[in-house]
Amino acid sequence: IKEKTMLQSINTSIDTVQGAKTAFVNTFVTNEAFKKPLQTYIDSQTSFAKSIAKSTNDFFTTVGQSIAGFDMKKAFATK
């Protein structure tokens with residue numbers, strides 16, 4: 001079984017919530033002139049949320065790698 005990365009799990013959650021919104025719109029909004037902008041808005045939310053998730057994941061990955069590679073002895077060595 002292939003393990004999911006943190007970002008994949010977050011994206012799956014985003015897709016689930018946004019899919020529910022899309023299903024709601026498709027089920028209950030019958031006016032096509034109103035439905036299209038709602039779907040465009042949902043798509044924009046999805047793109048924005050995934051972009052924020054990726055940026056946050058990249059940031060914390062970089063921070064974690066920096067901390068893991070930090071050498072206290074070298075940083076605070078006295079001559």
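The heavy-atom pair separating Lys50 from Asp15 by the smallest distance is NZ-OD1, 2.7 Å.
Rounding to the nearest 0.5 Å places CZ of Phe60 at 13.5 Å from CG of Leu7. The structure places NZ of Lys21 at 11.0 Å from CG of Leu38, a figure rounded to the nearest 0.5 Å. Between the CD1 atom of Ile52 and the CD1 atom of Ile14 there is a distance of 9.5 Å, given to the nearest 0.5 Å. Taking CD1 of Ile42 as the start and CZ of Phe24 as the end, the distance is 9.5 Å to the nearest 0.5 Å.
The hydrophobic cluster containing Tyr41 does not contain Val29, counting ILVMFWY residues as joined when their side-chain heavy atoms lie under 4.5 angstrom apart, directly or transitively. Clustering ILVMFWY residues whenever any of their side-chain heavy atoms sit less than 4.5 angstrom apart, transitively, puts Val17 in a cluster other than the one holding Phe48. Hydrophobic clustering (ILVMFWY, side-chain heavy atoms < 4.5 Å, transitive): Val63 and Met6 are in distinct clusters.
The closest donor-acceptor contact from the side chain of Gln39 to the backbone of Thr22 lies at 3.5 Å or more, if one exists at all. Not a single donor-acceptor pair under 3.5 Å links the side chain of Gln65 to the backbone N or O of Thr62. Ser47 contributes no side-chain N or O that, together with a main-chain N or O of Asp43, makes up a donor-acceptor pair within less than 3.5 Å.
Within 6.0 Å of NZ in Lys36 there are 12 or fewer heavy atoms belonging to other residues, nucleotides or ligands.
Taking the side chain as every heavy atom from C-beta outward, Lys54 and Asn11 never approach each other to under 4.5 Å. Counting only heavy atoms from C-beta outward, the side chains of Ile10 and Asn57 never approach each other to under 4.5 Å.
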